[in-house]
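The analysis underlying the following values was restricted to heavy atoms, covering all of them including side chains, and did not include hydrogens, waters or symmetry mates. Letters A, B, ... are given to chains in the order of the sequence lines, protein chains preceding strands, and every chain is numbered from 1.
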Protein chains: 2
Amino acid sequence: MELLPKTPGLALYAQVREALRAQIENGELKPGQQLPPEPDLATQFGISRMTVRRGIAALINEGLLYRRRGIGTFVTQFHIERDHNKLSSFFETSQELGADATIQFLEREIVPAEQEIAEALKVAFHEPLVHIRTLRLVGDVPVALHDEYIPHKLCPELMDEEIIDQHSWEVLDKHGYAIKLAIQKNHARGATTEVAELLEMEEGSPLLFKHRTIFAEDGTPVVFMVCHNRGDMYSLKMKLVR
Amino acid sequence: MELLPKTPGLALYAQVREALRAQIENGELKPGQQLPPEPDLATQFGISRMTVRRGIAALINEGLLYRRRGIGTFVTQFHIERDHNKLSSFFETSQELGADATIQFLEREIVPAEQEIAEALKVAFHEPLVHIRTLRLVGDVPVALHDEYIPHKLCPELMDEEIIDQHSWEVLDKHGYAIKLAIQKNHARGATTEVAELLEMEEGSPLLFKHRTIFAEDGTPVVFMVCHNRGDMYSLKMKLVR
DNA sequence: GAGTGGTCTAGACCACCCG
DNA sequence: GGGTGGTCTAGACCACTCG
């Protein structure tokens, strides 16, 4: 029951994680079933208990296992899908879905920061921002309108190069701003005349309206985004934890 | 620099976590500042390095710190708010906000499971469900309409007692179904005649429409919920992680 | 009381990043 | 190089849950 044969370059706790995941996925460990006690697993795997615990903790985090103190560790009855609340670019998401997604550039300009955006990006009022407006289409149908605002001082190159959404993140990466997380606010709204025209829907039709601030690893806000999604074409999935 | 004076009943790693959090909050550790190396912290605190690391890991998880391999551990520039994507009852949320929230019961009955709900709850088609319809108000204004569906076999008591939303969770708790997480799907939609009337808005006005499946610790789906929120009264905040 | 997970130690060696 | 975090050990004792 040694698991080392696989990927000797991988950390032991990660090998434990993958070994247990495999046992769950192939049915060796069934829903509701109790795992062997941690000391036993440590012996079986030939590693220390702390390392076993770390592997188990990862799977608990993913929702495949749960622990009850004094009782044991068990496989969850139904495994909810992983990777919710993941921040990913439009392309990353669309490619997973297999849809033929395209991005159409409508505008790129430098604008002074409005009050709301300045606050979100922690920059001065009227500070120059790069504004990029894009339309997202699936097939021929426009599904979303994006307005991104990035402080010009963070990334002057954004005005020079051929940029698509994914690339702006990469450019920021190169400047030492690794994109880490975002805070997003979602509303339901009726489409304004301008938005209705761009998204080819009737004025007042319901759309999902989002404000998003994207932060780098060190906590610096690097992008403010306003997004209009067609209500009939788009839904937003999320995981909530108690 | 010992931190044990506080709460001797608390785990050491939690004391480390709180000690560091306090230093960040009171400005001893400033945004962007590097923490002492882990071995130094271990010596200062008089505990082992592994325990220090666990305390730090908790704060990284909260977004107050970040680590760079080979470089050091640092305080993030701006701390995003904690506790996003938390599953909480209407009362818990409203009480935090200080609003005078009330719940009005509209209906409680037993209904056979429709296909969609049966799939979400992993029960048979037409299996008896407890259906509870409630209206949520802030002041005199109705802001949300909730329809909860709970398998009757999980909780027959739901038909007997005086139940409010929070209580249904508690009843489930007592039956061994500790509520753990939820998967939610959000849409923008126009109000139907029925919903518009209940929420005192015009037919077709935009509303945030949510489907939510709530799971217990062991992965069992225990509640399916459909929720209509007034678009002009409600927004949904979430955190996305890359 | 027996069995389980929760915490903690005091080291060790490695991998990475910088000047 | 020297400094940092990343991983891992082989124990130990405690706290909780159950019959």
Rounded to whole Å, how long is the line connecting atom CZ of B/R68 with atom C1' of C/dC17?
11 Å
Measure from the side chain of A/R69, starting at C-beta and using heavy atoms only, and say which of D/dG5, D/dT9, D/dC16 lies closest.
D/dC16
Going by heavy atoms in the side chains, are B/K153 and B/V123 under 4.5 Å from each other?
yes
Could you tell me the separation between the CG atom of A/L41 and the P atom of C/dG6, rounded to a whole number of Å?
13 Å
With nearest nucleotide decided by heavy atoms, which residue, A/M50 or A/G72, maps closer to the 5′ end of DNA chain C?
A/G72
Under 3.5 Å donor-acceptor pair, B/R54 side-chain atoms to C/dG6 base atoms:
no
Is the phosphate of C/dG11, meaning OP1 or OP2, less than 4.0 Å from a side-chain N or O of B/S48?
no
Distance check needed: C/dG6 P versus A/I60 CD1, whole Å only.
7 Å
Nucleotide nearest B/R49 (side chain, heavy atoms from C-beta), chosen from D/dC8, D/dG6, C/dG6
D/dG6
For A/F45 and D/dT7, what is the distance between atoms CZ and C1' respectively, to the nearest whole Å?
17 Å
Are the charged groups of A/E38 and A/R67 less than 4.0 angstrom apart, N to O?
yes
Calculate the interatomic distance between A/I56 atom CD1 and C/dG6 atom C1'; express it in whole Å.
13 Å
Between A/R67 (CZ) and C/dG6 (C1'), how many Å, whole number?
8 Å
Using whole Å, what does the distance between atom P of nucleotide D/dC8 and atom CZ of B/R53 come to?
11 Å
To the side chain of B/E38, which of D/dG6, C/dT7, C/dT9 is closest?
D/dG6
Could you grab the distance from atom CZ of B/R53 to atom OG1 of B/T73, nearest 0.5 Å is fine?
8.0 Å
Using a cut-off of strictly less than 4.0 Å, decide whether B/Y13 has a side-chain nitrogen or oxygen near OP1 or OP2 of C/dT7.
yes
Determine: side-chain N/O of B/T51 to OP1/OP2 of C/dT7, distance under 4.0 Å, yes or no.
no
Between A/L10 (CG) and C/dA15 (P), how many Å, whole number?
14 Å
Scan B/K210, B/R212, B/R136 and name whichever one has a side-chain hydrogen bond (donor to acceptor under 3.5 Å, both in side chains) with B/H146.
B/R136
Find which nucleotide of DNA chain D each of A/I71 and B/P37 is nearest to by heavy atoms, and output the residue with the more 5' nucleotide.
B/P37
Angle between ring planes, B/H131 versus B/Y149, binned at 30° and 60°: parallel, tilted or perpendicular?
parallel
